[in-house]
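Taking it in order: structure first as structure tokens, then the write-up.
Note on naming: letters A, B, ... go to the chains in the order of the sequence lines (proteins, then strands), and numbering restarts at 1 for each one.
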Amino acid sequence: MDASTTQSNKVHRAKKKGRKVKGKIEKNKGNNPKAFTFKSSVKARKAIKRAADISEKKKHILVVDRTPVEPPPIVVAIAGPSKVGKSTLMKCIIKHFVRQNLTEIKGPVSIVAGKRRRITFIEVKNDINCMIDAAKVADLILLMIDASFGFEMETFELINICQVHGMPKIMGVLSHLDLITKKDKLKETKKILKHRFWNEVYKGAKLFYLSGMINENYLRNEIKNLVRFISVMKFHPMLWRDAHPYILCDRMEDLTNPELVRENPNIDRNISLYGWVRGSNLKNHSAIHIPGVGDLRIKDVSALEDPCPLPDKLKAKRSLNEKERVIYAPFSGLGGIVYDKDAIYIDTKGAQSFSKKHKRDELVEALENVKETIDSKMGKTSLQLLANSAPVEASDESEEEFSDESDLEMDEDEEESEGSALDSELDDEDLKDLKQLENGPPKRRLKSIEGYEFVEENKSETWFGLADKAVDQYKMKKQKRILLSRLVYTDEQDENFDESESEGESALAGGLFKISRHVDEAKNKRQLKDQEDGFHYLQPSTSGNSFLDGFKEMAWTNEELRGSIRDCFVTGKWDADEDEANKLKDELDEDIKEEDDEDMELDEEDEDENDEKPIKKVSSIKETEEEANERRRKKKEKLKRMFDAEYDETNEFYNSLKEEFDQQAKLNKSVFEDLDESVRQELEGFRSGLYVRIEISNIPVEFVHNFDPTAPYVIGGLLPGEQNIGFVQTRIKKHRWYDRILKSHDPLIISCGWRRFQTVVVYSIQDHNMRQRFLKYTPQNMYCHGVFWAPIVAQNTGFLAVQSLDENMKNFRIAASGVVLNMDKSLQIVKKLKLVGHPHQVFKKTAFIKGMFNSSLEVARFQGAGVRTVSGIRGIVKKSLRDPEGAFRATFEDKIKMSDIIFLRSWAQVPVAKFYVPVTDKLLLSGTKWVGMKTVGRLRHERGTKAEFKPDSLYKEVERRPFVPGELVIPKKLQKELPYKLKPKAEPFKKDDRPEIIRKNTAVILEPHESKIHNLMEVLHTVSEDRRKKERDALGERQNKHKKEVAKIDARRMEKMKNTKKMVCRKLSKREKTKLRKAIDSLK
Amino acid sequence: MTKKMEISEELRFEGCNLFRQRLIYSLLSGRPVTIIEIRPLDEDPGIKDHEVKLLGLLERITNGTKVVISKTGTQVRFEPGMIHGGAVEFDCGSSRCISYYLEALLLLAPFCKTPLNVKLTGVTNAWKEISVDAIRATWLPIFNKFVLNDENLSIKVNARGFLPDGGGSITFTSPIVKTLRPAQRENPGKICKIRGLAYVSKVSPSIAQRMIDATKEMLRGYIADVYITVDQRKGASGGNSPGFGIFLTAETTEGVFYHGEAMSKPKYVEGDQLIPEDVGKNAAEALLNEIYRGGCLDTSAQVLAATFMTLTEKNVSKFLFGPLSLYTVQTLRNLKIFFEHTFKIDEWWKLHPETENEDAPKIGSTEKALLTCIGVGYSNLNKVLL
């Protein structure tokens, strides 16, 4: 080995060429500082913006980290349509872990996968209920896709379900790739499927390829890769699961007394379910929901030993040995021995029928839990003399508590030692005595108890030394101490839990003896129970024997007493670490120190500069190297500090919040760490990661009869308030792929929170004034509001809706999805209501309206409501009239016409049915489908009936009278101004349409003036009539004369005409004759 | 096919005590309660005026609450609805101090649908009862520890009212939250100032000075920063009955408030009227008692802190309480019944064994209790998401 020390190694030769060297040279090249300074403000702005964007993008909404210290196994669900190879994959994965073939796998299988990871695998049946339940609990879903077939509806449905319920991780697995023989086709298919998958999940989602099968198994290498992926996967926290505890059951036992079952086979059963607690902490006796069964309350929870424990962390080696590769799957009959409260189960591969169900003897159980010998126990036994007092322990005899030197304490010491002597020879009689002692009346008891007795006597004997007495009283705290948690939670609780607590009351003390708890004087309690509320602020929490100081009368004039709170004030003594003066001093010191440091640094820097010069101080090489290292380190630290300061300044709020949340998370994990496990469970519930057994009583017998281990059984914990029921208002959207539209008042099956239930949804849309207007159908491709009666869940919880579970649908089954907005006990959804009436009497601005209401009661409901006529005259409803029934008086802003129609526009509330039925598919025989309420449309379709015929609802032909325009009346004033052309020329004749007889016989008596006018008119009329008559006669004569003349002329003319005609005719006939003669002549 | 499964969420109680708490926890947890045997042997059996008023007030600020009072009045069934809140005006009558109602409202206030804005009329300061001033001085700081948003959080005394005729009025407004934040308070700090308010109405104003003098006399020797102001009320703002009293608070460096108060006897109480000096002395003694008890809160506000610690998300809260009062113990038990929630209660003297030493700092009672718990994961289910 000597040779090695002297061996001279080849000196490293630095590179002189290449990219890296070039880069270095370039970096160092710049010598001109101005060349790289700020040039463009736009560029700088962009750069700053980009940097800020990146830093903002990194931030997430902060949540308190709730991952448990020892997390439960992660749940991996293998899902997909039927015949894609789910079972084969499950088998292959399990075989990969346990190295043996399993024949039948039912239900969840838990496996230790590595040093820090356990996995529960479940196979999800191709059933929508199972898919929903699995999506609610799975951390990772292996979505199997038949590559030779492509995507099926179930695939998309499952992805949708996952999105709604918090989006667990989804990993696609392509199977049946060997059925595609052509290479190009295979490549193409893979690409298409991958991109479609990315579209649905997210860009870059992992898709696995199972290329083929050998001996009915997938290739080992591929499975190995898949498992590797699973075992390193990280998970995001999910809001719902972080807030709620849940359990995926992997074992179920029926605890019902067999005798009772024999008597009545259909009796409600008591069962126990097993599983790891996941999510948040599970409280004992809390409300739970089992999807497919209903709401229940836990009877009891107990933590069991982990059946599938992680290997010890001590070992440094990386792989698991055979012993640590534990598999636990009770439904499949796998897993070793399981200890339990009721029985010990030894796995005998399916033959688990001999389990012992009855309760074992308490003593035997006690013996089983013994951890120490009885002698050591006796040494540690404590005697509790009083219910509220701290137990006196035999070993640490009263020195701690009673160390004062005064006589009083001395006396006490004696008493105390007596007490401990008593305790060492503890037997039943003594206990009985003690009990009697405690049950005695308060006064006597006060006397007989050590310490108090002395004080009492003192009081009665002496009147001097009042100040001393006050001091004594103040010092009373030195006596019995009160165990507060016992005082609060165990002592008087039986007051409230009379029946329920009576069983748990008989605790086993020391492992063997039973102490039955005494009940405090009932009288005292009754008093407390009946006292007035709100006066107990300043009353001590314990009554009678011992009490807390601070609640008694204190004489504050006493100097010593006054001194006892001296240090509560700023003027008092401070603790060393919180003394302001010290702090100030420290700070000053630090400042000075820092300044020194900086000075030093500056000096050093100067030195550094100096160092570069060849004049180096002569010192050993080693020292300078160390110095240089130190210098570099300091420089780095300074840089880091500067960066931190800058970063902190820009992200101050975010950082402080993050810090706060981190601290809270740390506190949450550490605060109960050092406590006893049972106390811890009492305080914080059953932590996530514990394997627990949950007892539930009175579960329907069908649950046990139809138990199907292949379906996921989930126990979902409910937070306070979530077991309540109310109207849930949601934002809902019909799914684009769902081919029907949804109708208000139709039943829907909704999966929200843990629950699956059927309810009746009413859709509405919000107006600008926040009014919820009823919608008959869901709008297309738009969100609307939906209200249904259902259990309350936290706001922002997602939900999905399915129309039916039993129909055989080929299409996409998820009808709608949405989010919860608001819960209340009553909600207003309204639709428009228009009431129509007619005036039956019109006064000036008042009118009586009829036909709008049917009774005066209805009118009373609408008093003060606004009404309107068609023409827009507004009015209000005043008061109902006696007759006709339902008529009312209304006033308007103007006079209305008899022919007007009066409208009352109002909003009528749409009732939402209080219908809620949990889907109870877990109570049905496996394979049968849950049939809920059917929609009216479906019922009609099934029965072949048509919609009910209501003649009133039919549209009728609208009858319209022909329009008769009114006559045009032009006011006189206007008439005057009109040009003559447009003036009305003649008054239309106004016909007197009175009957003839009336017209004739109506006497007209005129006023004198009128009669004068009338007379004059008559005279004038007579005159004119006379003149007209004369004129007419003259005209007649003239006419007659004229007629005669005309007749004469006519006669003459007629004569003349006659003659002329005669002549003409003669001539004509002559001409004829000559012609004829000539013709004859010619013929001749 | 299957029987309908029902889980009994209902709780049954006996007696008239803790009536408020039962109703409020019922509203918060959503579990119906039945209270039987309310003063069955009393001369005037059944629920009293103030309890009816309280039921009325709760009905006003909630939606869907059902109350059934039996014919004799000795039995009440309360089915809680959703807490609505909003603006309410309510006459509390003069049988109990307004603080009786205010306490109930404070516990519900963060969990309303719309922020509470309540105007209560009645008695603001009652003999032997905690006053509205005390609620304002000691409860609101604790409220603020759990509700960060202190916008609109106020209790304003518009008019003082004393027994027997009342006539006082207050306005209480409060913000709402989605979840309460956990609080860790273990260090009470040191008292740095003492403030006070001597109120007189319809009596001679010189009484105030006499009370202040007596108080200062009693508080002498601790710190110099003691200021007591006079609140003299006339006319309507002074209520309908005469009375006087003094109210003191001590504030620590950590923002913890203790209070002490005393006031004159109302007319109908037998015995001689207290002289102002005695009132001042009593108040100072009450304050010193409170300081002696110590802790990170006033004894009266223990209920609020315990309740809010329970109603946080599943996070750890720690609070140093003074010696637990009877009322607090009952509260803790009620929280156990309604929410299945248990506190870890550490005794101060166990955590700090050095306090037994002679030279230990003299900070009053060693019976303080450190309460630690993980919240039940409660969130405001009433709040509306838009």
(message) Would the distance check show the side chain of B/Lys314 and the main-chain N or O of A/Ser280 forming a donor-acceptor pair, the cut-off being under 3.5 Å?
(response) no
(request) Sort A/Gln664 into side chain, backbone, both or neither according to what part of it lies under 4.5 angstrom from a heavy atom of chain B. (result) side chain
(message) For chain A, which candidate among B/Cys16, B/Cys97, B/Gly64 shows the most heavy-atom pairs at distances under 4.5 Å?
(response) B/Cys16
(request) Sort out for me which of B/Arg96, B/Met218, B/Arg39, B/Lys193 touches chain A most, counting heavy-atom pairs under 4.5 Å. (result) B/Arg96
(message) Please enumerate all residues that pass ring-ring contact (aromatic ring centres under 6.0 Å, His included) together with B/Phe338, with sequence neighbours excluded.
(response) B/Phe13, B/Tyr25
(message) Give me the atom names and distance for the closest heavy-atom approach of B/Asn315 to A/Arg66.
(response) OD1-NH1, 3.0 Å
(request) Indicate yes or no: at least one non-hydrogen side-chain atom of A/Met823 is less than 4.5 angstrom from one of B/Lys383. (result) no
(request) State whether B/Glu79 and A/Lys825 are salt-bridged, where the test is any N-O pair (Lys NZ or Arg NE/NH1/NH2 against Asp/Glu carboxylate O) under 4.0 Å. (result) no
(message) Please classify the contact between A/Phe703 and chain B as side chain, backbone, both or neither, with a heavy-atom cut-off of under 4.5 Å.
(response) neither
(message) On a heavy-atom basis, which atom in B/Asn63 and which in A/Ser826 lie closest, and how many Å separate them?
(response) ND2-OG, 3.1 Å
(message) Can you tell me which of A/Glu684, A/His244, A/Glu682, A/Glu722 forms the most heavy-atom pairs within a distance under 4.5 Å of chain B?
(response) A/Glu682
(message) Please classify the contact between B/Asn380 and chain A as side chain, backbone, both or neither, with a heavy-atom cut-off of under 4.5 Å.
(response) backbone
(request) Drop me the distance from A/Cys568's SG to B/Tyr258's OH, to the nearest 0.5 angstrom. (result) 6.5 Å
(request) Name the option with the most non-hydrogen atom pairs under 4.5 Å to chain A; the candidates are B/Gln21, B/Lys350, B/Glu340. (result) B/Glu340
(request) Determine the minimum heavy-atom distance between B/Lys318 and A/Val671, stating which atoms define it. (result) CE-CG2, 3.6 Å
(request) Side chain from CB out, backbone as N, CA, C, O: work out which of these in A/Glu660 comes under 4.5 Å of a heavy atom of chain B, or both, or neither. (result) side chain
(request) Measure A/Val793 against the heavy atoms of chain B and call it side chain, backbone, both or neither at under 4.5 Å. (result) backbone
(message) For B/Ile130, which atoms come within 4.5 Å of any heavy atom of chain A: side chain, backbone, both, or neither?
(response) side chain
(message) With a 4.5 angstrom heavy-atom cut-off, is it the side chain or the backbone of B/Ile194 that approaches chain A, or both, or neither?
(response) side chain
(request) Would you confirm whether B/Lys190, through its side chain, and A/Asp567, through its main-chain N or O, come within 3.5 Å as a donor-acceptor pair? (result) yes
(request) Working to the nearest 0.5 Å, report the span between CG of B/Asp225 and CZ of A/Phe569. (result) 11.5 Å
(message) Please report the interatomic distance CG(A/Asn724) to CE(B/Met82), rounded to the nearest 0.5 Å.
(response) 8.0 Å
(request) Select one option (side chain, backbone, both, neither) describing which atoms of A/Ala794 are under 4.5 Å from chain B's heavy atoms. (result) both
(message) Is A/Leu719 close to chain B through its backbone or its side chain, or both, or neither, when contacts mean heavy atoms under 4.5 Å?
(response) side chain
(message) Give me the atom names and distance for the closest heavy-atom approach of B/Tyr292 to A/Ser564.
(response) CE1-OG, 3.6 Å
(request) Pick one of side chain, backbone, both or neither for B/Lys48, based on which atoms fall under 4.5 Å of a heavy atom in chain A. (result) side chain
(request) List in chain and number order the residues that pass ring-ring contact (aromatic ring centres under 6.0 Å, His included) with B/His50, two or more places apart in sequence or in another chain; answer none if no residue qualifies. (result) B/Tyr100
(message) Quick one, B/Lys344 and A/Val679 - any side-chain contact, counting heavy atoms below 4.5 Å?
(response) no
(request) Kindly compute the distance separating OG1 (A/Thr730) from CG (B/Leu385), expressed to the nearest 0.5 Å. (result) 12.0 Å
(request) Drop me the distance from B/Tyr222's OH to A/Arg562's CZ, to the nearest 0.5 angstrom. (result) 4.5 Å
(message) Could you measure the distance from the CG atom of A/Asn668 to the CD1 atom of B/Ile374? Nearest 0.5 Å is fine.
(response) 6.0 Å
(request) Could you please spell out the steps behind the salt bridge (charged side-chain N to carboxylate O under 4.0 Å, His left out) verdict for A/Asp824 and B/Lys113? (result) CA-CA 9 Å; A/Asp824 214 331; B/Lys113 198 179 281 291; 3.6 Å; yes
(message) Does any backbone or side-chain atom of A/Val820 lie under 4.5 Å from a heavy atom of chain B? Answer side chain, backbone, both or neither.
(response) backbone
(message) Under 4.5 Å from any heavy atom of chain A, what part of B/Cys373 do you find: side chain, backbone, both or neither?
(response) backbone
(message) In the structure I gave you, are the side-chain heavy atoms of A/Gln795 and B/Val384 within less than 4.5 Å of one another anywhere?
(response) no
(request) Pick one of side chain, backbone, both or neither for B/Ser300, based on which atoms fall under 4.5 Å of a heavy atom in chain A. (result) both
(message) Looking at A/Leu667, is its backbone amide N or carbonyl O close enough to the side chain of B/Gln184 to form a donor-acceptor pair, meaning the two atoms are under 3.5 Å apart?
(response) no
(request) Check whether A/Asn284 gets within reach of chain B through its side chain, its backbone, both or neither, counting any heavy atom under 4.5 Å. (result) backbone
(message) Let's test your reading of the structure: which of B/Lys281, B/Arg220, B/Glu51, B/His84 forms the most heavy-atom pairs below 4.5 Å with chain A?
(response) B/Arg220
(request) Under 4.5 Å heavy-atom distance to chain A, tell me which part of B/Leu219 shows up: side chain, backbone, both or neither. (result) backbone
(request) Under 4.5 Å heavy-atom distance to chain B, tell me which part of A/Arg731 shows up: side chain, backbone, both or neither. (result) side chain
(message) Minimum heavy-atom separation for A/Pro720 and B/Tyr378, please, with both atom names.
(response) CG-CD1, 4.0 Å
